[in-house]
Number of protein chains: 2
Amino acid sequence: MSISSRFAVGVHILALLEVNKGEANSSEFIAASVNTNPAVIRKIIGMLKKAGLVNVRPGIAGAQPAKNLSEITLHDVYKAVQVVQEKELFSVHDQPNPDCTVGRNIQDTITPMFSAAEQAMEKALDNVTISDVVDDILRKEAVQ
Amino acid sequence: MSISSRFAVGVHILALLEVNKGEANSSEFIAASVNTNPAVIRKIIGMLKKAGLVNVRPGIAGAQPAKNLSEITLHDVYKAVQVVQEKELFSVHDQPNPDCTVGRNIQDTITPMFSAAEQAMEKALDNVTISDVVDDILRKEAVQ
DNA sequence: TTACATGTAATCATTTTAGTTACACGTTCC
DNA sequence: GGAACGTGTAACTAAAATGATTACATGTAA
């Protein structure tokens, strides 16, 4: 199972806003870059907006970053697009047998262990900003 | 999206083998503790066997850990049950527009970033062994 | 040979995702 | 005011993945 590509698309969108900052960046234009449907882009941009990462207004083409891109981390985007929603990244089988020693304790035991691993991942995502992403894209572009 | 509960079930099975080590631990018995179907248990045990974590033989009831439980980490189980198979934990949208600067570089840019986060998570899973899980279960059980 | 266990394939229902369509609503400009 | 264009959002669809279930071949032991 894989994590929703909404995450990667969210990063793509923010990077595109910077690289293409002279343009209007309508949902249709962004959709062409991502290669998907404009409605999908609008939905994801709506999530980024709700998280305070971009500014966008109805009827006006284009979106703008709501803060400096060096202040937006991959973790911010990860949270914004609700990759895991209210649920945990790791799912635990529910309703194990309460008549069994392991069954009645396994959930309480492994949940914090799984959370620790999830937090380690999120911390790693905190170390990379959209600015880093843009820099890397432009570096790769210059080399070619 | 959540990571397959196969992972949690795999941990459950290994812990049960230890806590209940006097018994036969047939797939039917384990299924009752996990609260699922015996065939599901057999499939997961088969994966654990292939990874060298348990010993089990056709026709003979029960499975046994193939090594000391303090030498089996959550990461070992994670890999054994193929939570992410050959794919990455993070999925990247494919076929972004090659005519766009961001589109033709985004995949190569974010893939290693995502991998780093994934590895941070796996490293955290390496810090916990099945022995730790069993100890915690028995500790919780004693308190009640 | 009978009883019981594992190994494994096939099928099904459920859930989630992304894609698609459609339309209400906001903005701009003539 | 109205035409053109854009965002916001809901509804529906197709595809993919998961876990559950059933069935049966194969292995073991008494």
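Sequence lines set the chain letters: A, B, ... in the order given, protein chains first and strands last, and positions in each chain run from 1. Values in this document were obtained by computation on a predicted structure and should not be read as measured data.
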In whole Å, what is the span from the [atom1] atom of [X] to the [atom2] atom of [N]?
X	N	atom1	atom2	answer
B:His93	D:dA15	NE2	P	22 Å
B:Ile45	C:dT8	CD1	P	13 Å
A:Glu28	D:dA4	CD	P	16 Å
B:Ile41	D:dT18	CD1	P	17 Å
A:Lys50	D:dT7	NZ	C1'	15 Å
A:Met47	C:dA18	CE	C1'	13 Å
B:Asp94	D:dA15	CG	P	16 Å
A:Lys43	D:dG6	NZ	P	22 Å

Residues two or more places apart in sequence or in another chain: which of them pass side chain to side chain donor-acceptor pair (under 3.5 Å) with [X]?
X	answer
A:Asn25	A:Asn20
A:Ser26	none
B:Asn68	B:Ser70

Problem set entry | Qualifying residues under salt bridge (Lys or Arg N to Asp or Glu O under 4.0 Å), relative to A:Asp136, sequence neighbours excluded | A:Arg139, A:Lys140
Seminar exercise, completed: Those residues at least two apart in sequence (or on a different chain) that pass salt bridge (Lys or Arg N to Asp or Glu O under 4.0 Å) with A:Lys49 are none
Exercise. Any ring pair (Phe, Tyr, Trp, His ring centres under 6.0 Å) pairs touching residues 30-75 of chain B, not counting sequence neighbours?
Worked result: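 Applying ring pair (Phe, Tyr, Trp, His ring centres under 6.0 Å) to every pair that reaches into residues 30-75 of chain B, excluding sequence neighbours, yields nothing.
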Return all side-chain donor-acceptor pairs below 3.5 angstrom for residues 50-57 of chain B, not counting sequence neighbours, or 'none' if the list is empty.
none

Exercise. Which residues within residues 17-27 of chain A lie with some heavy atom under 4.0 Å of an atom in DNA chain D?
Worked result: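 Residues of residues 17-27 of chain A under 4.0 Å from DNA chain D: A:Ser26, A:Ser27.
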Problem set entry | A:Ser5 vs C:dT17: side-chain N/O to OP1/OP2 distance below 4.0 Å | no
Exercise. What string of B, S and - do you get for nucleotides 20-30 of chain D 5' to 3' if you count protein non-hydrogen atoms under 4.0 Å?
Worked result: BBBB---BS--
Exercise. Between B:Leu69 and B:Leu14, what is the shortest heavy-atom contact and its length?
Worked result: CD1-O, 4.3 Å
For this session: Taking all heavy atoms of B:Asn127 and all of B:Asp132, pick out the closest pair and write down the distance.
Result: O-OD2, 4.0 Å
For this session: Looking at every strand, decide which applies to A:Lys49 at a 4.0 Å heavy-atom threshold: base, sugar-phosphate, or nothing.
Result: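 Sugar-phosphate contact only.
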